[in-house]
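The structure appears below as structure tokens.
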Amino acid sequence: MNRRDFLSSGAAIAAVTIMAPEFAFAAESDQIIKLPEPDKNGGKPLMECLALRRSSHVLGRGDVDMPTLGNLLWAAWGINREDGKHVIPTALNKQQVVVYAVRSDGVWEYMPKEHAVKKVLTGDRRNAFDGAGLVLLYAAPEKDSYSAMHVGSMYQNVGLFCASAGLDNCVKHQKYDALDVDLPLPSGWMTFVTQSVAWPK
Ligand SMILES: Cc1cc2nc3c(=O)[nH]c(=O)nc-3n(C[C@H](O)[C@H](O)[C@H](O)COP(=O)(O)O)c2cc1C
């Protein structure tokens with residue numbers, strides 16, 4: 001069974017860690033943590049979010065809390081229908097993207113079916129990028145002409161969520177592939193761009 005088959009299997013669900021009430025992150029590698037359910041009724045009206053959307057070039061270094069992380073990852077690549085389709089459209093519904101969350105306590109892969117994260121790298125890797133509180137990595141097949149479009153949909157959703165929540169964010173193409181040699185990316189996949197997110201200082 002390959003890694004991706006495992007992640008979508010019952011074995012992965014069985015491995016989901018029982019969460020502490022405060023959804024604290026623990027240190028073990030390969031740990032899977034179920035995220036708090038996204039708040040699908042909250043937030044500012046869409047037109048207000050569009051009016052507020054902007055990049056912040058000075059970002060805080062504090063970790064982003066778990067409920068916010070759950071909302072951010074769901075905004076990027078969550079499943080929003082019973083048929084397993086996502087908040088963003090994908091060409092031919094191929095769904096070939098992966099989102100990683102780079103936090104102080106490791107690098108976590110988002111598992112949309114489970115709305116969970118799986119630790120794929122240990123240690124604080126945020127300084128491989130800009131050191132912001134949270135760095136999202138958007139990866140997809142390098143040679144697929146649709147990949148950059150899919151990634152753009154994800155960072156725009158996250159940018160609008162940030163506008164709604166009052167989070168700072170910036171999409172960045174600097175050092176975007178800094179962790180690709182270490183990440184468990186499928187063959188031929190790469191990180192296309194990153195998005196740094198933090199609560200205002
Ligand atoms: C694909 C892409 C790559 C970007 N790369 C960087 C970057 O490497 N560094 C940076 O500071 N900002 C980067 N930005 C942010 C732009 O500088 C910013 O979007 C632009 O100045 C417009 O500002 P606004 O987002 O506030 O409208 C990037 C934005 C996009 C969409």
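We count ligands from 1, going down the list as the structure has it; atoms in each ligand are counted the same way. The structure presented is a predicted model; accordingly, all values stated were derived computationally and were not measured.
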(request) Around atom 5 (N) of ligand 1, find the nearest protein heavy atom and jot down its residue, atom name and distance. (result) H173 N, 3.1 Å
(message) Test of understanding: with ring-ring contact (aromatic ring centres under 6.0 Å, His included), list the residues that count as partners of H57, not counting sequence neighbours.
(response) none
(request) Mind listing the closest non-hydrogen atom pair of R103 and R126 along with its distance? (result) C-CD, 3.8 Å
(request) Would you mind listing which atoms of ligand 1 come within a distance below 4.0 Å of any non-hydrogen atom of Y155? (result) 1 (C), 31 (C)
(request) Measure across S104 and D124 and return the closest heavy-atom pair with its distance rounded to 0.1 Å. (result) O-CB, 3.3 Å
(request) Go through W199 and T68 one step at a time and tell me if the side chain to side chain contact (heavy atoms under 4.5 Å, CB included) criterion holds. (result) CA-CA 10 Å; W199 287 111; T68 302; 3.4 Å; yes
(message) Heavy atoms only: which of H57, K175, Q174 lies closest to atom 7 (C) of ligand 1?
(response) Q174
(request) Output the list of atoms in ligand 1 that are nearer than 4.0 Å to some heavy atom of R54, sorted by atom number. (result) 26 (O)
(message) Please find the pair of heavy atoms, one from C49 and one from A163, that lie closest to each other, and give the distance.
(response) O-CB, 3.5 Å
(message) So if I count the atoms of ligand 1 from 1 in the order they appear, which ones are less than 4.0 Å from some heavy atom of R53?
(response) 24 (P), 25 (O), 27 (O)
(request) Measure the shortest side-chain to side-chain distance between D182 and V107 over non-hydrogen atoms and say whether it is less than 4.5 angstrom. (result) no
(request) Kindly write out the residues that satisfy ring-ring contact (aromatic ring centres under 6.0 Å, His included) with Y155, not counting sequence neighbours, or none if the list is empty. (result) none
(request) Looking only at protein heavy atoms, identify the closest one to atom 4 (C) of ligand 1 and say how far it is in Å. (result) V171 O, 3.4 Å
(request) Taking atom 10 (C) of ligand 1 as the reference point, report whether a protein heavy atom occurs under 4.0 Å from it. (result) yes
(message) Students should be able to answer this: which protein heavy-atom is nearest to atom 18 (C) of ligand 1, and at what distance?
(response) S55 OG, 3.5 Å
(message) Among all the protein's heavy atoms, is there at least one whose distance to atom 2 (C) of ligand 1 comes out below 4.0 Å?
(response) yes
